[in-house]
**Student:** 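Provided herewith is a single structure, encoded as C-alpha cells, for subsequent inquiry.
These figures come from a predicted structure and were not determined experimentally. In listed order, ligands and their atoms are each counted from 1.
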Amino acid sequence: MNKTIVLASNNAGKIKEFNALLGDMGIDVKPQSEFNVEEAEETGLSFIENAILKARNACAHTGLPALADDSGIEVDYLDGAPGIYSARFAGEHGDNEANNALLLEKLEGVAELERTARFHCVLAYMRHKDDPTPLVFHGVWEGRIMTSTEGQEGFGYDPLFYVPECACSAASLPKEVKNQISHRAKALKQLFSAFQKQSSVQQGTPF
Ligand SMILES: O=P(O)(O)OP(=O)(O)OP(=O)(O)OC[C@H]1O[C@@H](n2cnc3c(O)ncnc32)[C@H](O)[C@@H]1O
Ligand SMILES: [Mg+2]
C-alpha cells in the first residue's frame with residue numbers, strides 16, 4: 001500500500017525530476033505547494049542541515065512524512081562556491097540566468113583543467129516533525145564548468161555543467177539520461193534501497 005509523502009521543494013525543475021524518478025519506484029509524492037506549506041528558511045551551514053530544516057518544516061505543516069532536497073554546485077577554482085548558496089549566488093533566489101552569468105564571469109580566462117566542479121544532492125526523509133533519526137542520503141555528480149551555455153533541458157546550472165561521460169552539457173542530455181546519472185538520481189537510488197530494506201523488515205509499509 002502506498003502512503004503519501006510530501007515533497008518539500010518549490011523548485012519546478014527538481015519536482016519534475018522527482019516525479020519521474022519516484023513514479024518509477026511506485027512512491028506517491030505530492031509537492032508541498034498542494035498543502036500551502038510556507039517555504040522554510042535555509043539557515044543551515046551545510047546541505048544536510050538545510051535538507052533537514054526543509055523536511056521538518058513540511059512535516060510540521062502537513063502532519064505527513066516529508067522528503068527534502070538541498071543541492072548545489074561546488075566549483076574548485078572558487079574554493080567550493082557557490083555550494084549551499086547556489087540558488088542565490090547572484091543575489092536573488094532562483095535567478096538562474098544571473099547565477100550562470102556570474103559563474104561564467106568568475107571563471108573568465110580560467111583553463112579547462114581548473115574548471116572542475118560537482119553537483120551535490122542531499123536528501124532528508126523524515127517520518128514526522130520530531131523524527132529523531134532523519135534518513136539522509138548524498139549523491140555527487142562530477143564535471144566541469146563550460147565557457148558558454150549549451151542545451152535547453154534541465155534547469156539551474158545544467159547549461160554550464162559539462163558531463164565528461166556524455167561529452168556534452170547536462171542541459172543537452174535527454175531527461176531520461178540525466179535521471180539515470182545525476183547527483184539527484186544517485187541519492188534517490190540510495191533512498192529507494194533503504195526503503196526496500198525497511199519494507200522487508202516491517203512487512204507492508206516501506207515507511
Ligand atoms: O529549496 P527548494 O524549494 O527545493 O528549491 P531551491 O531551488 O531553493 O533549491 P536549493 O535550495 O536546494 O538550491 C539548489 C540550487 O542548486 C542548483 N541545482 C541543484 N540541482 C541542480 C541540477 O540538477 N541541475 C542544475 N542546477 C541544480 C539550482 O540552481 C538550485 O536552485
Ligand atoms: Mg532552496
Side-chain angles (χ1 to χ4, degrees), residues 6-21 29-58 61 66-75 78 80-104 117-125 136-146 149-163 166 168-188:
V6 181
L7 184 55
S9 175
N10 295 321
N11 179 314
K14 279 187 197 176
I15 292 172
K16 263 196 213 156
E17 293 185 7
F18 275 111
N19 282 339
L21 286 157
V29 280
K30 293 201 161 66
Q32 62 182 10
S33 60
E34 284 193 23
F35 302 89
N36 298 316
V37 173
E38 267 180 49
E39 198 153 355
E41 257 194 90
E42 294 177 32
T43 52
L45 297 178
S46 66
F47 293 116
I48 296 173
E49 290 165 283
N50 283 336
I52 290 175
L53 286 173
K54 291 190 242 187
R56 186 181 293 131
N57 178 63
H61 281 79
L67 177 66
D69 164 315
D70 200 55
S71 43
I73 195 161
E74 180 185 27
V75 179
L78 303 178
I84 62 167
Y85 304 108
S86 293
R88 43 191 148 138
F89 187 36
E92 200 185 321
H93 179 271
D95 188 342
N96 293 326
E97 231 168 273
N99 287 341
N100 282 334
L102 181 61
L103 187 52
L104 279 179
R118 62 206 56 78
F119 275 121
H120 291 277
C121 172
V122 169
L123 298 178
Y125 173 77
V136 175
F137 309 96
H138 178 203
V140 181
W141 197 18
E142 295 284 343
R144 58 178 186 264
I145 306 302
M146 300 169 76
T149 57
E150 178 197 290
Q152 304 296 325
E153 300 290 332
F155 65 97
Y157 295 92
D158 282 344
L160 282 182
F161 188 72
Y162 182 78
V163 182
C166 302
C168 65
S169 77
S172 306
L173 295 175
K175 46 185 172 308
E176 298 74 22
V177 176
K178 184 183 173 194
N179 285 343
Q180 277 297 319
I181 61 177
S182 75
H183 48 315
R184 188 159 295 104
K186 287 172 184 158
L188 269 169

**Student:** Between Asp70 and Val122 (side chain of the first, backbone of the second, donor and acceptor by atom type, cut-off under 3.5 Å), is there such a pair?
**Tutor:** no
**Student:** Any idea which atoms of ligand 1 are less than 4.0 Å away from a heavy-atom of Lys54?
**Tutor:**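 Matching atoms, with element in brackets: 1 (O), 2 (P), 4 (O), 10 (P), 11 (O), 12 (O).
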**Student:** Mind checking side chain to side chain contact (heavy atoms under 4.5 Å, CB included) for Glu153 and listing every partner two or more places apart, or none if nothing turns up?
**Tutor:**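 Result, side chain to side chain contact (heavy atoms under 4.5 Å, CB included) vs Glu153: none returned.
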**Student:** Judged by atom type as modelled, is there a donor-acceptor pair below 3.5 Å linking the side chain of Ser86 to the main-chain atoms of Ile73?
**Tutor:** yes
**Student:** Using only atom types and a distance under 3.5 Å, with no angle test, would you say the side chain of Gln32 pairs donor to acceptor with the backbone of Ala58?
**Tutor:**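 Answer holds: no.
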**Student:** Run the numbers for me: atoms of ligand 1, each under 4.0 Å from some heavy atom of Asp158, listed by number.
**Tutor:** 22 (C), 24 (N), 25 (C)
**Student:** At less than 2.8 Å, how many protein N/O/S atoms surround the Mg ion (ligand 2)? Leave waters out.
**Tutor:** 1
**Student:** So for Arg88, does at least one of its heavy atoms come nearer than 4.0 angstrom to any atom of ligand 1?
**Tutor:**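 The answer is no: ligand 1 sits nowhere under 4.0 Å from a heavy atom of Arg88.
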**Student:** Would you kindly specify which portion of Phe155 sits under 4.0 Å from ligand 1, judged on non-hydrogen atoms: side chain, backbone, both or neither?
**Tutor:** both
**Student:** Using a 4.0 Å cutoff against the non-hydrogen atoms of Asn10, which atoms of ligand 1 qualify?
**Tutor:**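 Those qualifying, in numeric order: 2 (P), 3 (O).
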**Student:** May I ask you to list the atoms of ligand 1 that are less than 4.0 angstrom from any heavy atom of Gly156?
**Tutor:**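 Going through ligand 1 atom by atom, the ones under 4.0 Å from Gly156 are 25 (C), 26 (N), 29 (O).
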**Student:** Which atoms of ligand 1 sit under 4.0 Å from any heavy atom of Ser86?
**Tutor:**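 Per the distance check, 15 (C), 16 (O).
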**Student:** Ion pair present between Glu17 and Lys175, side-chain N to carboxylate O less than 4.0 angstrom?
**Tutor:**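 No, no charged N to carboxylate O under 4.0 Å.
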**Student:** Counting from 1, what ligand 1 atoms have a heavy atom of Lys178 closer than 4.0 Å?
**Tutor:**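 Listed by number with element, the hits are 22 (C), 23 (O), 24 (N).
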**Student:** Do the ring planes of Trp141 and His183 sit parallel (below 30°), tilted (30 to 60°) or perpendicular (above 60°)?
**Tutor:**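 It falls in the parallel class, under 30°.
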